[in-house]
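The structure appears right after this line, and notes come after that.
Please read these numbers as outputs of a predicted model, since none were measured by experiment.
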Amino acid sequence: MIKQLSWKVGGQQGEGIDSTGEIFSTALNRLGYYLYGYRHFSSRIKGGHSNTKIRISTRPIRSVSDDLDILVAFDQETIDLNAHELHADGVVLADSKFNPVLPEGIQARLFSIPFTGIAQDVGLAQMKNMVAVGASSALLGLPLEAFHSVIEGKFARKGEQVVEKNMQAIREGADRIQQECGGPLERLLLEESDRKKRLYMIGNDAIALGAIAAGARLMAAYPITPSSEIMEYLIKRLPEFGGTVVQTEDEIAAISMVIGANFGGVRALTASAGPGLSLMTEAIGLSGMTETPAVIVDTQRGGPSTGLPTKQEQSDINAMIYSTHGEIPKIVIAPSTVEECFYDTIQAFNLADRYQCPVILLSDLALSLGKQTVEPLDYNRIHIDRGKLVTDGEGLKELENSELFKRYEVTEEGVSPRVLPGVKNGLHHVTGVEHDETGRPSEQALNRKKMMEKRLRKLGQGIEFQDPVHIHARHAEPDLLIVGINSTRGVIQEGMERLEENGVKVNHLHIRQLLPFPTDQVKPLVDRAKKVVVVENNATGQLANLIKLHVGMGEKISHILKYDGNPFLPSEIYNQCKEMLVHGHV
C-alpha cells in the first residue's frame, strides 16, 4: 500500500471537468484523506483544454505533485498534454469514444472505457464524468457508498431519481474496471486514513469566511478572476448576518464605497486582481489621507494588462507596496495557507481599525483557487479590535461655537481618536487635501510637516501582526536558506525535505508581512545562512529585491523564478537548488 498518489481529470472546458474533480475529492476528504487540488483552466466559458489535478495523501500536503498515477481523459488532447507526467506504471482511463492512444514513449497502462456509452445507457451522456469517478474509485478500492452523500448533496434538489441515476453511473464505471482488471490495482491501494473530519476549501472561501468572522457586513466589488469566489461566497452568506454585497460598476466605485462604509463605522472590504487594484490606487491614497480603515484583497494572476487571467503569478508585490502616489501608511500582509487566509483576514480588519489605514491582503491564484485540506478552524482565536473608535460622545469635550473635534489630533503613536458620523461632540471635516487636526484644509508648511509625520509615525515602530514570518529552521548555520511567499510554502517544504535527504542543511523562511517589512525577523536568518535562494512566480525577483533593500547581503541572495503561468513543482525547487549548490551559482 502507498501513502499518497496523484489523480488528474482533463477534457474540454465546459464538459464537467471541475465537477468530476470536486465529487471525487470531496468523497476522499470525507474518508479522512489529506488533499491538495489545482485547476488548470482557460479564460473563457467553454472550450479549450481544462484539467484538475488532485493529490491524495495520508499526511498533510500543500503542493501539487511532480508526477501522476492516474489520468482520466475525456479527449485525446488531455492525453497528449498530460501523459508526460505519468509514472511508467501509471494508468490512463480514457473514453473509448475518441479511440485513445498513448504518445510514443509513454509506458503507462491504458484502459479504454466507454464513459459516454455507459452514461447514455444509464440515461444521460453528461453523466460520463460519474462513470469516470466510479472507474477511478474502483482502481483505488474506495467504497462506493462514500460517494452517495456527495452526490446527494449536489443533486438532491433535482430529485431522488437524479441522485440514483448518478450513483448508477458510478457503479457502472466501477463494474467496468472490475471486468477489465479484476478489481483494484495493488500499486494504487492507499493506506488507511485516520478518518478524521477536516475542511476542504479554497483560499478565497477562507478569506470570505474570515471577513464574516471579523464582523465585515459589506463587500463592494467588481467580479474578476481569481477573486470572484470571495464575492460569490459572501453573496450567499453575508445576508445571514445582516450584511450585503454590492456589485459595483467598476473597481473605482468598489473601493470608494468601501471607504465610505468604513467611515460610517461598518467594516467593509473589496477584492480584486492586479488590473482592478491598478484602478483603486488613487482611492487607496484617500483611505490613507483621511485615515479611514479599508481592507483590500489582491489575488495575484499573470500580468501585465489582461495578461494570463487564469494562471499563477506573484508579480504584484512592488505594486502593492509602492503604487499609491504620495506617501501614506499602508500595511501589506500575505497568507501562505488556506488556514492563514481565514485568520489573516480577521487580523487585516483589526489592523485597519487599529492603525486607521488601508490594509492589503495579498494572495495568489494558486492559494486563492487551489483547494486544500484544512484542520478545523479555531473560532476561539477570533478577536475584534476596533482601535480608537469612539461610539459614545458623552465622554468627549463639548464643542463650543465653531469649534470642531480634533479627529486628526497629533498623538505620540500617530493614531488619533476616530468618531462615527453623528456622534455627539464629534463634528469635524473630512477631505482628501492636506488638513489640520480638525480636518480643515491647510497648506501651511509647518502643518504639512506635522501631519505627514503624524501619519507615518503609525507604523514606525512596526505593527502588531501575529507571525510576520513563518520559520522552519533546524540548523544554526544552514548551507541554504530558501525564502518564499504565498502559495510556494508547501512546494518549498517538499524541496527542502529532498535536499535534507541528500545531506544539505536547509532552513525555510516564508515572509507573511511585506509592509512594514519585518527586517528584525528576516535579517538574522539571512545572516546565518551561507547562501539564500528566493523562490517566486515572477520574472524580476521582486521579493528578492525587497529583501536586499531591507536586509542587504545581496551577494549571497539569488532566486529561482517561474513566470510561465504554472505553479512550482517540488522537483524544480530541489533540482535548481542542488544545481546552484554544486556549481556555486547562488
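Between Pro275 and Ser305, every side-chain heavy-atom pair lies at or beyond the 4.5 Å cut-off. The shortest distance between side-chain heavy atoms of Gln493 and Pro570 does not fall below 4.5 Å. The shortest distance between side-chain heavy atoms of Pro335 and Phe342 does not fall below 4.5 Å. With contacts defined as side-chain heavy-atom distances shorter than 4.5 Å, the pair Thr20/Asp18 does not qualify.
A distance of 6.5 Å separates OG1 in Thr248 from CE in Met257, rounded to the nearest 0.5 Å. In this structure, CG in Leu361 is found 10.5 Å from CD in Gln347, a value given to the nearest 0.5 Å. The distance from the CG atom of Leu188 to the CG atom of Leu140 is 6.0 Å, given to the nearest 0.5 Å. Taken from SG in Cys577 to CD1 in Ile492, the straight-line distance is 8.5 Å, to the nearest 0.5 Å. With values rounded to the nearest 0.5 angstrom, Asp316 atom CG is found 7.5 Å from Gln542 atom CD. For the atom pair CZ (Arg301) and OG (Ser227), the distance works out to 9.0 Å, reported to the nearest 0.5 Å.
Legend: residues meeting salt bridge (Lys or Arg N to Asp or Glu O under 4.0 Å) with Arg195, ordered by chain and number and at least two apart, are Glu192. Considering only residues two or more places apart in sequence or on other chains, Asp250 meets the salt bridge (Lys or Arg N to Asp or Glu O under 4.0 Å) condition with none of them. A search for side chain to side chain donor-acceptor pair (under 3.5 Å) contacts involving Gln178 returns nothing, not counting sequence neighbours. With sequence neighbours left out, Glu229 forms a salt bridge (Lys or Arg N to Asp or Glu O under 4.0 Å) with no residue at all. Contacts of Ser19 classified as side chain to side chain donor-acceptor pair (under 3.5 Å), with partners at least two apart in sequence or in another chain: Asn129. The side chain to side chain donor-acceptor pair (under 3.5 Å) test applied to Ser336 returns Glu340, Arg489, not counting sequence neighbours. The salt bridge (Lys or Arg N to Asp or Glu O under 4.0 Å) check on Lys311 picks up nothing, with sequence neighbours excluded.
Side chains of Asn29 and Thr26: a donor-acceptor N/O pair is absent below 3.5 angstrom, by distance only. Counted by atom type alone, Gln12 and Glu77 present one or more donor-acceptor pairs between their side chains at under 3.5 Å. Using a 3.5 Å distance cut-off with no hydrogens or angles, the side chains of Gln300 and Asn486 do pair a donor with an acceptor. Side-chain contact, Ser193 with Thr58: no donor N or O sits under 3.5 Å from an acceptor N or O. For the residue pair Asn575/Glu579, the side-chain donor-acceptor check at 3.5 Å is not satisfied.
Across every non-hydrogen atom of Val295 and Ala348, the tightest pair is CG2-O, 3.8 Å. Minimum interatomic distance between Val64 and Arg55 (heavy atoms only, all atoms of both residues): O-NH1, 3.5 Å. In terms of heavy-atom proximity, Ala108 sits nearest to Leu86 at CB-CD1, 3.9 Å. Nearest heavy atoms, Ser50 versus Ile17: O-CG2, 3.9 Å. Scanning both residues, Ser272 and Ile224, for their nearest heavy atoms gives OG-CG2, 3.5 Å. When all heavy atoms of Gln314 and Asn538 are compared, the pair lying nearest together is O-ND2, 3.0 Å.
A donor-acceptor distance shorter than 3.5 angstrom exists from the side chain of Thr270 to the backbone of Ala220, with no hydrogens or angles considered. Side chain of Asn51 to backbone of Arg39: no donor-acceptor contact under 3.5 angstrom is found. In this structure a side-chain-to-backbone donor-acceptor pair under 3.5 Å is missing from Asp205 to Met201. Remark: the backbone N or O of Ser65 is paired with a side-chain donor or acceptor of Lys53 at under 3.5 angstrom. For Tyr343 (side chain) and Asp378 (main-chain N/O), a donor-acceptor pair under 3.5 Å exists by modelled atom type. With Glu313 contributing its side chain and Gly303 its backbone, the two residues share a donor-acceptor pair below 3.5 Å. In terms of modelled atom types and a separation under 3.5 Å, the side chain of Glu85 and the main chain of Asp67 share no donor-acceptor contact. Side-chain atoms of Thr345 come within 3.5 Å of backbone atoms of Cys341 as a donor-acceptor pair (strictly under, hydrogens ignored). With hydrogens and angles ignored, the 3.5 Å screen pairs no side-chain donor or acceptor of Asn537 with any backbone N or O of Ser315. Of the possible donor and acceptor atoms, none in the side chain of Gln120 sits under 3.5 Å from a partner among the backbone N and O of Ala125.
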As a quick check of understanding, evaluate side-chain contact (heavy atoms from CB on, under 4.5 Å) for Met320 and Leu277, giving each step before the final call. CA-CA 8 Å; Met320 294 307 97; Leu277 267 292; 3.8 Å; yes
Leu218/Val246 under side-chain contact (heavy atoms from CB on, under 4.5 Å): CA gap, chis, key distance, verdict: CA-CA 8 Å; Leu218 173 69; Val246 177; 4.0 Å; yes
I would like to know whether Arg237 and Glu240 meet salt bridge (charged side-chain N to carboxylate O under 4.0 Å, His left out); could you show each step before the answer? CA-CA 6 Å; Arg237 300 299 180 190; Glu240 299 174 15; 3.1 Å; yes
Output, in order, the C-alpha distance, side-chain angles, deciding distance and verdict of side-chain contact (heavy atoms from CB on, under 4.5 Å) for Leu362 and Ile317. CA-CA 8 Å; Leu362 187 68; Ile317 295 171; 4.3 Å; yes
Does the pair Lys196 and Glu375 meet the rule for a salt bridge (charged side-chain N to carboxylate O under 4.0 Å, His left out), with working shown? CA-CA 10 Å; Lys196 290 184 179 179; Glu375 295 295 340; over 6 Å; no
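Ring planes of His508 and His510: perpendicular class, angle over 60° (limits at 30 and 60°).
The side chain to side chain contact (heavy atoms under 4.5 Å, CB included) with Arg62 is formed by just one residue from the set Thr337, Leu367, Thr373; it is Thr337.
Within the structure, no pair that satisfies the ring pair (Phe, Tyr, Trp, His ring centres under 6.0 Å) test touches residues 198-235, not counting sequence neighbours. Residue pairs meeting the side-chain hydrogen bond (donor to acceptor under 3.5 Å, both in side chains) criterion with at least one member in residues 143-161, sequence neighbours excluded: Arg30-Ser149. Sorted by first and then second residue, the ring pair (Phe, Tyr, Trp, His ring centres under 6.0 Å) pairs with a member in residues 13-53 read Trp7-Phe24; sequence neighbours excluded.
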What pairs of donor and acceptor atoms, side-chain ones from residues 87-101 against any protein atom, are under 3.5 angstrom apart with sequence neighbours left out?
from	atom 1	to	atom 2	distance (Å)
His87	NE2	Asp69	OD1	3.4
Asp89	OD2	Arg187	NE	3.1
Asp95	OD1	Lys97	N	3.1
Asp95	OD1	Phe115	N	3.4
Asp95	OD2	Thr116	N	3.4
Asp95	OD2	Thr116	OG1	2.5

Using residues 166-177 as the side-chain source, report each donor-acceptor pair under 3.5 Å to any protein atom, sequence neighbours left out, with the distance given to one decimal.
from	atom 1	to	atom 2	distance (Å)
Asn166	ND2	Val162	O	2.9
Arg171	NH2	Glu164	OE2	2.4

